[in-house]
Amino acid sequence: MNNSPELEEILNQGYRYAIVLTKNKDLAFDLVQDSYLKTLEVNAPLQLPYFIKVIKNKFLDAQRRKQVKKKWMEKSTVQLSVLQPNGVEPYLEKVINELPIKQREILILSVVEGFTAQEISDLMEIPRGTVLSILKRTKDKLRTQLNEQKT
Amino acid sequence: MDQLENRIKELYGRKKLSDQQLKQLLNQKVSSRPQKKTLQLTVFALAASLMLVFGYYFGIHPEIQKNRIIKAYAEEVAYNHLKESAPKIYTDQTSSLNEQLSKLNFEVTFDERLQRYGNLIGGKYCHIDDQIAAQLRIEDKDSNPLTCYQFKQQYNHQFDQSINTKGVTVHLWTKDEVVIAIAETSSRE
């Protein structure tokens, strides 16, 4: 089992990934909580790639359920008014939140969590080349939008 | 790392679980496993109990098993009785029957209880419960035919009862290891 600082870091990384998916802090925590419970069923030290996969699957399961999806949609409209005023970079966060989910995931896993293109490719089960091209397109799009905002 | 990446990293790097949330998650580790195991054990115990109850009452319980066997005897006897096959040996003497039905692994009897049903007319071999058996033809005082079956049972059950099946009343009882069954059409009663 991981020692406490390592485990806490993995939980935080999972939480950040959950925020990317849900765009809402409360939903992100719920998602991390459910996912962490799921990982406890496996009697092995918690590894980040596995944790990320569990979070993603839990998120997709929740989305498939119409009721939960509806709730999530309602809550996710709230998050814009909750998260934005407290954010360090409200515009940057807004722009990222408006990206398609796959672009958000790849961007954050690569830039924030330091996953390589190959690791993202394995995790998301898409070709490495696709990961790299999505990452490049996403960054270009962000740069353009941020530059437009400046002018 | 360019400026954009630094800004993204800084923005998301600040997003962390609160101490309260971390504590909540780490405490789950302690409580969740026993709960899950307890649930699994409870489900297993319930399933095992149900299987035992069903097994006991529908297969293992000796009395139920015995009744099932008696019912099977009665059904086979009734079926044979309805075929109304004629005896191959005509005699009113059990000694003669025993002599001619020499393959039987028991002695054919026509005791007082059987005599109350009528007179012995004859008999032949037949099979009940995959066992070689004797089929005796009896006629009551009104010349109505009755069929008596005698065979050595595979089990050590003792019983004496009547069963109605397929329009036939079958009286079955045991005498030592031998099952004796009398079949008569129910309309006569």
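Just so we're on the same page: letters track the sequence lines, and every chain starts at 1.
For the atom pair CG (A/Leu7) and CG (B/Leu25), the distance works out to 8.5 Å, reported to the nearest 0.5 Å. Going from atom OG1 of A/Thr138 over to atom CD1 of B/Ile8 covers 9.0 Å, rounded to the nearest 0.5 Å. To the nearest 0.5 angstrom, B/Lys16 atom NZ is 12.0 Å from A/Ile19 atom CD1. Atom CD of residue B/Gln24 and atom CZ of residue A/Phe29 lie 4.0 Å apart, to the nearest 0.5 angstrom. With rounding to the nearest 0.5 Å, the separation of CG in B/Leu4 from NZ in A/Lys139 is 7.5 Å. For the atom pair CG of B/Leu22 and CD of A/Glu8, the computed distance is 5.0 Å after rounding to the nearest 0.5 Å.
Under a hydrophobic clustering in which Ile, Leu, Val, Met, Phe, Trp and Tyr are joined whenever their side-chain heavy atoms come within less than 4.5 Å, directly or via other members, B/Tyr79 and B/Ile69 fall into different clusters. Transitive grouping of hydrophobic side chains (ILVMFWY, heavy atoms separated by less than 4.5 Å) keeps B/Phe110 and B/Ile121 in distinct clusters.
Put simply, the side chain of A/Asn12 gets close to the backbone of B/Leu17: a donor and an acceptor are under 3.5 Å apart.
Within a 6.0 Å sphere centred on NZ of B/Lys166, other residues, nucleotides and ligands contribute more than 12 heavy atoms. A 6.0 Å sphere centred on CG of B/Asp19 holds no more than 12 heavy atoms belonging to other residues, nucleotides or ligands. Heavy atoms from other residues, nucleotides or ligands lying under 6.0 Å from CG of B/Asp111 number more than 12. Heavy atoms of other residues, nucleotides or ligands lying less than 6.0 angstrom from NZ of B/Lys66 number more than 12.
Using a 4.0 Å cut-off between a side-chain N of Lys or Arg and a carboxylate O of Asp or Glu, B/Arg7 and A/Glu93 do not qualify as a salt bridge.
Side chains of A/Val20 and B/Tyr12 form a contact here, defined as non-hydrogen atoms less than 4.5 Å apart. With contacts defined as side-chain heavy-atom distances shorter than 4.5 Å, the pair A/Leu11/B/Leu26 qualifies.
Evaluation of the side-chain hydrogen bond (donor to acceptor under 3.5 Å, both in side chains) rule for A/Thr144 yields no partner, not counting sequence neighbours.
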